[in-house]
Amino acid sequence: EVQLVESGGGLVQATRSLRLPCAASGFVFGTYAIGWFRQVPGNELEGVSAISNSDRRTYYADSVKGRFTISSDNAKNMVYLQMNSLKPEDTAVYYCGADRNSDYTLRGKIGMSYWGKGTLVTVSS
């Protein structure tokens, strides 16, 4: 059974940091791209970052460049999103997703094949 499980969310003050892990199972992790996405109430889902597990190519949305870093540990089937210098506008439910099409995912597309259930990040001012 394919599973993606995010964790690490919580309430933090602006300028602080959080690290979100995504644990994957049930598919060939090394052949997929993994993306992080977020959604605020009433808004559309937004692509935040992505990584190709096969060649380590990455994508970052303009809103998080220089603040967020995505990384992948293929041996552990884990992807991490390190979020630094958090802002109130980063408040959202964060999801990880997986797709076989790395080129598609690295263009910031949100049509993933598999999804986690999300973890809530709340940044206070």
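Being a predicted model, the structure only gives us computed values, none of them experimental.
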Checklist entry - Nearest 0.5 Å, what's the CG-NZ distance between Leu4 and Lys117? => result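 Interatomic distance, Leu4 CG to Lys117 NZ, rounded to 0.5 Å: 11.5 Å.
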
Next on the checklist: If you define the side chain from C-beta out and look only at heavy atoms, does anything of Val121 sit under 4.5 Å from Asp90?
Outcome noted: no

Next on the checklist: Are the side chains of Tyr94 and Gln39 in contact, using a 4.5 Å heavy-atom criterion?
Outcome noted: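 They are not in contact (no side-chain heavy atoms under 4.5 Å apart), so the answer is no.
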
Next on the checklist: One pair to check against ring pair (Phe, Tyr, Trp, His ring centres under 6.0 Å): Trp36 and Phe68. What are the steps and the verdict?
Outcome noted: CA-CA 11 Å; Trp36 282 97; Phe68 292 9; 9.9 Å; no

Checklist entry - For atom CZ of Arg100, is the number of surrounding heavy atoms from other residues, nucleotides or ligands below 6.0 Å larger than 12? => result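 It does not: Arg100 CZ has 12 such atoms or fewer within range.
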
Next on the checklist: Let's go through Glu46 and Ser63 carefully: what are the C-alpha distance in whole Å and the side-chain angles of both, what is the deciding distance for side chain to side chain contact (heavy atoms under 4.5 Å, CB included) to 0.1 Å, and is it a yes or a no?
Outcome noted: CA-CA 10 Å; Glu46 175 190 10; Ser63 59; 3.4 Å; yes

Item to check | Asp103 side chain to Thr105 side chain, donor-acceptor N/O pair below 3.5 angstrom | outcome: no

Expected output: side-chain [X] to main-chain [Y] donor-acceptor under 3.5 Å:
X	Y	value
Glu6	Thr119	no
Asn74	Gly30	no
Tyr114	Phe27	no

Checklist entry - What closest approach, in Å, do Leu81 and Ser49 show between heavy atoms, and which atom pair accounts for it? => result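 Looking at all heavy atoms of both residues, the closest pair is CD1-CB, 4.1 Å.
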
Item to check | Nearest non-hydrogen partners of Val123 and Thr91, listed with the distance | outcome: N-OG1, 2.9 Å

Item to check | Lys/Arg cation over aromatic Tyr80: Arg19, 6.0 Å, 45° cone | outcome: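 Verdict for Tyr80: a cation-pi partner in Arg19.
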
